[in-house]
Undergrad: 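Shown below is the structure under consideration.
In what follows, chains are A, B, ... by sequence order, proteins preceding strands, each numbered from 1.
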There are 2 protein chains.
Amino acid sequence: MATIYEVSKAAGVSLATVSRVMNGNAKVSDKTKAKVLAAMSELGYKPNAIAQSLASNRSNSVGLMVSELHGSFFGDMMSTIENTLRTAGKHAIIAAGHSDADKEQQAIEFLLDRRCDALIVHAEAVSDEYLIELAERDVELVLVNRHIPELAERCFYTDNELGGYLATEALLQRGHQNIAYISGPLFKLDAKARLAGHKKALAEYDIAFNPSLTFEGGYHETDGMAGFAHLMQTGLPFSALVCANDEMASGAMTAAREAGLNVPTELSVVGFDDVLFTKYLYPKLTTIDNPIRKMGDAAARWVLKHVYKEKHQPDVENLYPPTLILRDSIATKTKVE
Amino acid sequence: MATIYEVSKAAGVSLATVSRVMNGNAKVSDKTKAKVLAAMSELGYKPNAIAQSLASNRSNSVGLMVSELHGSFFGDMMSTIENTLRTAGKHAIIAAGHSDADKEQQAIEFLLDRRCDALIVHAEAVSDEYLIELAERDVELVLVNRHIPELAERCFYTDNELGGYLATEALLQRGHQNIAYISGPLFKLDAKARLAGHKKALAEYDIAFNPSLTFEGGYHETDGMAGFAHLMQTGLPFSALVCANDEMASGAMTAAREAGLNVPTELSVVGFDDVLFTKYLYPKLTTIDNPIRKMGDAAARWVLKHVYKEKHQPDVENLYPPTLILRDSIATKTKVE
DNA sequence: CTGTTAGCGCTTTCAG
DNA sequence: CTGAAAGCGCTAACAG
């Protein structure tokens, strides 16, 4: 592997000059530049990224902490981020936090030890305080799918409350009055916000929120099944069900079917996230689009602009409003049940 | 950020000694070791991974090239790999190849420029020749889900032919005689092998393979739908359908349902991969387990053992036989249709 | 067991 | 516009 020294010798110039043509940050005459370029290609020279990092104090790597590595949600996010980063010659180092506060923290420290220039974090378990404190260290931190007011400009998130509102509104518009709700774990902000949106929609339609028609799940498919069973057990009537994510909606639909209910004629179901498998479900799930791809791209661009000082990188939005994706799992409420 | 030099001063020893206690590769007396450790924690010292890499010519990073970043299949794989790598203090740098030969090659070169110590590659588009040539460079290469005889010890793969065989066999055992097949793109080895397994099973049951009952898809859900439509159009009777992956099986089931067929009573369907969403489908899909997690883990361990010379790292298997996962999408053939 | 001394390959002042 | 030279923070012989 040729080094910069060999190139400089071959081109008859100094190390510094070779470095300059590589980085294009200082004027070099066209003539010498051509000589250097020729020498480089002749030797098949490739800069050593590690040495560059050490000398420049830039690793050109950004750490990507996600709570999980599998699942369409994270796949989409990583895919976008990796793509816009690599286009800019930076690379992504990944670490998974497994939705556990300790492990998330470990993953972040691991990335920091790796001297990442910036951190794009999708944390679910770690506290706001920890993240705020982290941002106050010398770390360039960016948060995806999480909104912490103190860190507002570095947060890329969706309006979960609006999403919850839209889900329930779609049902209300179709004449449903008794709407059950399976929430995510309420210690998570997004779960809380989605539930708040649900309540807000009910209030607008002058329908009292009934806590008994609510079940708190853990965002897993099985929680959807358990939730449905629990709701049935209350004996309370409901013609529609909102689930705080698609996995739970899937579980609930399965349970409903096993209980002999037809979806959507006897029970309308709405999910949340518009995860990939959503369109494989039967019936195809009506859900809320969680613009995860846009948020990932925005996070990456923010880093490019603010950390790597890329010009021409436009400003990015921080808030990405969700929308309703209307498919086959909801129906208009029939007069007689 | 404290450097090794400050630590050595604080502990009253030389740089070399500090380095030794960090790496634990040479004898240091307990007393001096204690002094050094004390100084390190007092200063909050963290080694600079970049400087270590430059000096030792080891980046402690392994490149992970996957054809896609989303999809349960890759998520599972990356998750496993990242996990076993990080436990060993190494990190994963990811790059996506997007199932395109040029882009896969670019992604690999990108990783190489990054001075990865090893490459774990899940390539779909790139040729065997390229990979063989790559392995002959000074690159530590490992292949997942691909078998190239010349690189046998560095390949971690499943027996796709056996998988195809098992899928069709399950149907034959249940009395099906007319079995349609939707294959993956036949330029891909796994698609070819799965089809070969299908044919082999048919032959064992003395059933002639009918090319008209076969459709070549591209592994996407829509190909499953198109495939089903095409098969129906032939007018040929078939009571069962094998699909070369789960996505296509999902598409075919949807199309069958839209055509008024009941799955499994009127049409039995088998998929391949046992991807996560498979159990969300209705009916739950009978499929072939593709031991992707085990292969990922094996690949990572191979790197740990052979590249990083970790002791106690047991030898790993190269071949991971698939198994049938029996769920609800197939039924015994009824006498009368 | 411990210290000295070269570098690893590149960036970056500082002169000229 | 170009060159010289001083590191970046650490590892790894080589002595002792």
Undergrad: Counting distance only, does the side-chain N/O of R146(B) pair as donor-acceptor with the main-chain N or O of A123(B) below 3.5 Å?
TA: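 Between the backbone of A123(B) and the side chain of R146(B) there is a qualifying donor-acceptor contact (under 3.5 Å).
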Undergrad: Side chain of K27(B) only, heavy atoms from C-beta on: which candidate in dC1(C), dC14(D), dC14(C) is closest?
TA: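 Of the options given, the side chain of K27(B) lies nearest dC1(C).
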Undergrad: Remember a base hit wins even if backbone is also touched, and classify V13(A) as base, sugar-phosphate or nothing at under 4.0 Å, heavy atoms.
TA: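 Since only primed, P, OP1 and OP2 atoms lie under 4.0 Å of V13(A), the category is sugar-phosphate.
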Undergrad: Does a distance-only test, which skips hydrogens and angles, find a donor-acceptor pair under 3.5 Å between the side chain of R115(A) and the base of dG9(D)?
TA: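 No pair found.
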Undergrad: Take atom OH of Y5(B) and atom P of dG7(D), then tell me their distance rounded to the nearest Å.
TA: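 From Y5(B) OH to dG7(D) P: 12 Å.
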Undergrad: Expected output is a numbered-order residue list: members of residues 50-61 of chain B with a heavy atom under 4.0 Å from any atom of DNA chain D. What is it?
TA: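 DNA chain D contact set from residues 50-61 of chain B: A51(B), Q52(B), A55(B), S56(B).
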Undergrad: Would you indicate which nucleotide in dC10(D), dT2(D), dT11(C) comes nearest to any side-chain atom of N48(B)?
TA: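 The answer is dC10(D), which lies nearest to the side chain.
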Undergrad: Determine the sole option in R154(A), K309(A), K305(A) for which the salt bridge (Lys or Arg N to Asp or Glu O under 4.0 Å) test with E140(A) is passed.
TA: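 Looking at R154(A), K309(A), K305(A), the match for E140(A) under the salt bridge (Lys or Arg N to Asp or Glu O under 4.0 Å) is R154(A).
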Undergrad: Under a 3.5 Å threshold, yes or no: a donor from one side chain and an acceptor from the other, between Y219(B) and D190(B)?
TA: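 Distance-only check passes for Y219(B) and D190(B).
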Undergrad: Just compare dT11(D), dT2(C), dG3(D) and give me whichever is closest to any side-chain atom of T32(B).
TA: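 Per side-chain heavy atoms of T32(B), the pick is dT2(C).
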Undergrad: When you get a sec, tell me which of dT2(C), dT4(C), dC10(D) is the closest nucleotide to the side chain of T17(B)?
TA: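 Closest of the options to the side chain of T17(B): dT2(C).
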Undergrad: When all nucleic acid strands are considered with a 4.0 Å heavy-atom cut-off, which category describes T3(A): base, sugar-phosphate, or nothing?
TA: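 Sugar-phosphate, backbone atoms only, no base.
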Undergrad: Taking atom types as modelled and ignoring hydrogens, do the side chains of S14(B) and T17(B) form a donor-acceptor contact shorter than 3.5 angstrom?
TA: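 Yes.
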